[in-house]
Each structure stands twice: as structure tokens, then as C-alpha cells.
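Scroll down for the structure; my scribbles are underneath it.
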2 protein chains.
Amino acid sequence: MKLVKIYECLCDETRLRVLHVLAQGPLCVCHFQQILRAPQVKISKHLAYLRSRGLVVCERSGNWMVYALPAKPPRELRANLACLQDCTRENPVFRRDLARRRKFAPKFARTSPCGCAPAA
Amino acid sequence: MKLVKIYECLCDETRLRVLHVLAQGPLCVCHFQQILRAPQVKISKHLAYLRSRGLVVCERSGNWMVYALPAKPPRELRANLACLQDCTRENPVFRRDLARRRKFAPKFARTSPCGCAPAA
DNA sequence: ATACTATATTCCGTTTAAGGAATATAGTTC
DNA sequence: GAACTATATTCCTTAAACGGAATATAGTAT
């Protein structure tokens, strides 16, 4: 995996937030929408971008597409994801995303495949 | 320092190489030209880019502009520079840059301000 | 002042990315 | 198959970045 390609993926805030919350486990598109409070197109496109570069993988599960970090990421990716977690530890935006993810977890769990689920 | 801004700086190979060799100490533009084998405009522009985002600092010394990493970089920058060093350790391109830097060091030392110097 | 060196900036064409509106696709449910 | 849900893709506009050629600027040396 080319290092520059990784950094290209990291240079957009939405994608950073996506990768950051994904570290806690897989999610579907509609969950990202709620956690990041961003429109469907935006989320979907950024996920496609990340996917085309191998930073995330996905799998269909009924109506849902479940996105996750690759099971065995290459060294450079692992290092950078760890660095990202480290750098965001005290950042309000990223912390708020995690808080929302936690808050929504039960609601997600009721409806959806990934051990998560959409709202109404 | 905004995390995304850092990643924007890191998503170009020339800039990665610049930051990578800078970890070994300050250099002038003409040294980068020789180490990276890249034209003056290219080096100069990328250094300006890095400088405008605070990833490098510079100081004039006679005819030369001496570029260096900031003395006390913010946490996120320090973490990412360390990660970069880690990720490039086995990369031929980056290793070759370091080799060239070492090879040119005496020649640089003869002529220039930063404990380095241009060639002919 | 002139010539010279090192570096920065401007101008140009090309590529890439971003966001949103609208639309298409795939799967589910009845 | 019609209605519905979740997601992807297309089209469009705008903005940013890259590289190189040419030119400008700042400092040095004579």
C-alpha cells in the first residue's frame, strides 16, 4: 500500500471521522449518517473513496452495507490508524462522534446486522 | 495545528521526502534539489506549501534559505513525523534520499551555512 | 553598477477532489 | 410486482493542487 495514498485518504475531515469511529467496530452507512450528522451522499462517497484505496472493506448484509477496517491492515496503515487515534484523543469533534456512537449503540443493535442498526 | 492540514501536507511524495530528510537536520533548497533530484521550482514551491502550514520553518543565511523542522512541533505533528519515519524505514526511495544526503554531506559542509552546502 | 547565485513568484494548462441534487440500483416485504 | 429501505452513481459547479516555463527578487562579489 502506497504511503501517499493513505495520506490522501486522511486529508479530509469526514474520512478521518469515519476511520476514527470504525476503530470501535463495523458500521453501516446509515449509522455514519447519524453519528457524523452528514447526508447520505457525502458518507457514501467518502466510503467509496476509502474502499477504492483499501482503507476500508465492506460486505452486504440484506439492505445494509457493513463497512469495517481491513482485518489485517498493512504495516503503514496500522501505524497511521494508531497515530490517528492518538492525535484525536482530546479532540472535541472526534470525542463527540464516539459519544454518539455509544449513545446510539442500543438503538442500532435492535435493528441491524453489524451489532448495530439504523434509527427510524 | 489542524490535523487535516498536516495530512494535506503529507499527501504528496515530494513533501514526504522533504520532511523525511529534514529529520536529519536543516537543509537549503539547493540541497533538496540534489538529494531528491528535483527541479528548483518544484522544491521551492513544496517548501513554501509546508511553510505556510507550519510544518517547516526557515531562515535566510546570505544567499541561502535554510529550512528545518520546527524546534518544538505540536503533538500531532510530532506523532505524524515519527510515524512517517517508521513507515519509510524500508522504502527504497526514502532510503536512497538518506544515502544521498550522507554522500553529499562533506560537499555541502564545504560551502554552506547550515552545516551543509551546495555543489558546483 | 554589473554580473552572479540562490530562491521565490507568476502564469498557464491539466488533474483531482468536494458537495449537493437528482437518479439509479439492490434487496426486502407484502 | 408494487412499495419501501438502504445505498450507490451520475451530473454539475467550484475549488485546489501539481508541474513546468518564464520571470522576479534578494543577497553577494567584483
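Each chain gets a letter, A, B and so on, in the order the sequences are listed, and its residues count up from 1. Note that the structure is predicted; figures quoted are calculated from it, not measured.
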*Mind checking Val41(B) for me? I need base, sugar-phosphate or nothing, with any heavy atom below 4.0 Å counting as a touch.*
base

*When we call it a touch if two heavy atoms are under 4.0 Å apart, what does Phe32(A) touch: a base, just sugar-phosphate, or nothing?*
nothing

_Can you identify which nucleotide, out of dT7(C), dA8(D), dT28(C), has its nearest atom closest to the Val29(A) side chain?_
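Of dT7(C), dA8(D), dT28(C), dA8(D) is nearest to the side chain of Val29(A).
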
*Has the side chain of Gln40(A) got a donor or acceptor that lies under 3.5 Å from a partner of the other kind on the base of dA8(D)?*
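Side chain to base: pair found, below 3.5 Å.
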
Within the distance-only criterion (no hydrogens, no angle test), does the side chain of [X] pair as donor or acceptor with the backbone N or O of [Y] below 3.5 angstrom?
| X | Y | value |
| --- | --- | --- |
| Arg102(A) | Phe104(A) | no |
| Arg15(A) | Cys9(A) | yes |
| Asp86(A) | Ala82(A) | no |

Atom-pair distance ([atom1] on [X]; [atom2] on [N]), nearest Å:
| X | N | atom1 | atom2 | answer |
| --- | --- | --- | --- | --- |
| Lys42(B) | dG20(D) | NZ | C1' | 10 Å |
| Leu36(A) | dG19(C) | CG | P | 12 Å |
| Glu8(A) | dA17(C) | CD | C1' | 10 Å |

_DNA chain D contacts among residues 44-59 of chain A, heavy-atom distance under 4.0 Å_ = Ser44(A), Lys45(A)

_Nearest-nucleotide 5' precedence on DNA chain C, Arg60(A) against Thr14(A)_ = Thr14(A)

*Mind checking the CD1-CG spacing from Ile43(A) to Leu36(A)? Nearest 0.5 Å is all I need.*
4.5 Å

_Can you tell me how far apart OH (Tyr49(B)) and CD (Glu8(B)) are? Round to the nearest 0.5 Å._
5.0 Å

*Are Val4(A) and Asp12(B) close enough that some pair of their side-chain heavy atoms sits under 4.5 Å apart?*
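No, too far: nothing below the 4.5 Å cut-off.
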
